[in-house]
Amino acid sequence: MTTCHGVVNLPEVRKVAIFGGTHGNEMSGVTLVNLWINNGAEIQRSGLTIKPFITNPQAVEKCTRYIDTDLNRAFTQDNLSVPRSEELPYEVRRAQEINQMFGPKGSPEAYDVIFDLHNTTSNMGCTLILESSKDHFNLQMVNYIKRAVAPASCTVLLTEHPLLQYSTTRSVGKHPIGLEVGPQPQGVLRSNIFESMRAIVKHALDFIELFNGGMEFQPCTVDVYRVSEKMDYPRDTNGNITAMVHPNLQDCDWEPLNRGDPMFQTFDGRTIEYEGGHTVYPAFINEAAYYEKHQAFTLTRRESLTANGIKASEM
Ligand SMILES: CC(=O)N[C@@H](CC(=O)O)C(=O)O
Ligand SMILES: [Zn+2]
């Protein structure tokens, strides 16, 4: 329902989850969530149930990304509906459990908001990951967070794409939101990365509390970077990598890449240039977890999205 000045009434948020350890070697989320499981005072907000939860405990135990398969790709309808069996990969069984606890995905009983905490080895700083350009609640939330952290920056990555979108752990919730902070090596805790992540979760929960308290959020625009393409490393016929990310591109996540700019450097010192026609903004540059996914970086395009004004409905 839109009122005369473009403000949409949305249901109050009641159930919020904070996921850590979807990848067991991304230590900021694992550590924060374990901290909050032991003492939740910091994440309590009036009138809200907030559940901190370790999504892949076996991978956390082994400090590895996953046991059998990537949990953050496992929430497909096929996986969620296949009959339960001990033969299934661990993460598929775990996805079914998580779907029961926090979903079911797409149902009215699902959690309202799910934050999923990740780290990247790339120099991406703080990145909020959205899955839909039409989720006005999430757009308002990221707008609030961006303003709250300014002048520090917080970039928004939009993964909505007909072919490249994947079935995330957080997607069992109605408003899924990923938080990706880097650079941080796998298995390592860095205090600056840990504290940035903690601050963003705090702002996000503040937003939800204000929303539930009846605050009206005015229509706004949000600059986002929409995934457009995956770029693999150059490889030989055996599938072995023949070049590295070029030094001019390394650590330059979110900076414009234009036709003719260096992309890769071969082992014999030759430069491979970007040949695309549009200005793109690379992210996840040289992410450690993506070598096995045949991905050197993600290309994105800049876009400005418009969010409706929102207000919690009095029901
Ligand atoms: C480095 C890393 O794990 N990134 C996440 C991004 C996301 O949560 O959408 C992933 O590939 O699942
Ligand atoms: Zn991750």
Side-chain angles (χ1 to χ4, degrees), residues 17-33 53-57 59-60 62-67 69-76 79 91 94-95 98 113-132 135 138 142 154-161 163-173 175-190 193-194 196-197 200-201 204 224-232 245 251 253-254 282-300:
I18 305 175
F19 287 172
T22 291
H23 297 128
N25 55 7
E26 296 175 2
M27 300 311 288
S28 302
V30 170
T31 309
L32 280 169
V33 166
F53 188 74
I54 295 288
T55 47
N56 196 336
V60 169
K62 290 202 151 71
C63 196
T64 184
R65 185 172 173 89
Y66 56 79
I67 304 294
T69 187
D70 192 336
L71 182 65
N72 219 25
R73 303 291 181 276
F75 288 74
T76 59
N79 277 348
E91 278 83 4
R94 189 65 182 154
I98 292 166
V113 180
I114 299 183
F115 298 102
D116 196 10
L117 308 184
H118 290 258
N119 291 118
T120 173
T121 63
S122 308
N123 188 29
M124 285 166 65
C126 289
T127 303
L128 294 160
I129 308 182
L130 298 186
E131 309 198 345
S132 165
D135 184 334
N138 269 355
V142 304
C154 183
T155 310
V156 181
L157 175 67
L158 176 64
T159 58
E160 187 179 66
H161 188 283
L163 302 172
L164 298 177
Q165 189 138 33
Y166 40 91
S167 307
T168 59
T169 313
R170 56 191 175 265
S171 71
V172 302
H175 301 288
I177 181 155
L179 173 51
E180 186 76 69
V181 191
Q184 181 171 268
Q186 296 177 337
V188 171
L189 256 183
R190 290 179 54 116
I193 302 294
F194 175 93
S196 309
M197 181 177 276
I200 287 183
V201 172
V224 305
Y225 294 80
R226 187 194 288 263
V227 168
S228 64
E229 204 180 321
K230 283 168 38 165
M231 187 68 78
D232 190 15
V245 168
D251 301 327
D253 300 77
W254 307 123
F284 288 114
I285 297 172
N286 213 0
E287 161 57 44
Y290 288 174
Y291 278 77
E292 67 174 30
K293 296 189 195 297
H294 284 219
Q295 190 175 339
F297 45 88
T298 306
L299 297 182
T300 72

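Atoms considered below: every heavy atom in the structure, side chains included; atoms not considered: hydrogens, waters and symmetry mates. When a ligand or atom number is given, it counts from 1 through the structure's own listing order. Here the structure is a predicted model, which means the values were calculated and not measured.
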How many angstroms lie between CZ in F19 and CG in N56, if you round to the nearest 0.5 Å?
12.0 Å

Gap between atom OG1 of T22 and atom CZ of R65 - 0.5 Å precision:
10.0 Å

Heavy-atom nearest neighbour in the protein, as seen from [atom], with distance rounded to 0.1 Å:
{"atom": "atom 1 (C) of ligand 1", "value": "E287 CD, 3.5 Å"}
{"atom": "atom 12 (O) of ligand 1", "value": "N72 ND2, 2.8 Å"}
{"atom": "atom 6 (C) of ligand 1", "value": "E180 OE1, 3.2 Å"}
{"atom": "atom 10 (C) of ligand 1", "value": "Y290 OH, 3.4 Å"}
{"atom": "atom 3 (O) of ligand 1", "value": "R65 NH1, 2.9 Å"}

Counting from 1, what ligand 1 atoms have a heavy atom of [X] closer than 4.0 Å?
{"X": "Y166", "answer": "6 (C), 7 (C), 9 (O)"}
{"X": "R73", "answer": "10 (C), 11 (O), 12 (O)"}
{"X": "R170", "answer": "7 (C), 8 (O), 9 (O)"}
{"X": "F284", "answer": "1 (C), 4 (N), 6 (C)"}

Below 30° counts as parallel, above 60° as perpendicular, anything between as tilted: where do the rings of H23 and H118 land?
perpendicular

Is it the case that atom NZ in K62 sees more than 12 heavy atoms from other parts of the structure closer than 6.0 Å?
no

Please indicate whether any nitrogen or oxygen in T168 is less than 3.5 Å from any nitrogen or oxygen in ligand 1.
no

Of all N, O or S atoms in H23, the one closest to the Zn ion (ligand 2) is ND1

Of all the N, O or S atoms in H118, which one sits nearest to the Zn ion (ligand 2)?
ND1

Identify, with sequence neighbours excluded, every residue that meets side-chain contact (heavy atoms from CB on, under 4.5 Å) alongside A74.
N79, A95

Flag, side chain of T298 to backbone of K230, donor-acceptor distance under 3.5 Å
no

Between L179 and L128, is the side chain to side chain contact (heavy atoms under 4.5 Å, CB included) condition met? List the steps.
CA-CA 5 Å; L179 173 51; L128 294 160; 4.0 Å; yes

Taking both backbone and side chain into account, is any N, O or S atom of E180 nearer than 2.8 Å to the Zn ion (ligand 2)?
no

I'd like to know if K293 contacts ligand 1, where contact means a heavy-atom distance under 4.0 Å to any ligand atom.
no

Give a yes or no on whether a salt bridge exists between E131 and R170, defined as a side-chain N under 4.0 angstrom from a carboxylate O.
yes

Consider side chain to side chain contact (heavy atoms under 4.5 Å, CB included). Of L158, I129, L164, L163, which one does V227 pass it with?
L164

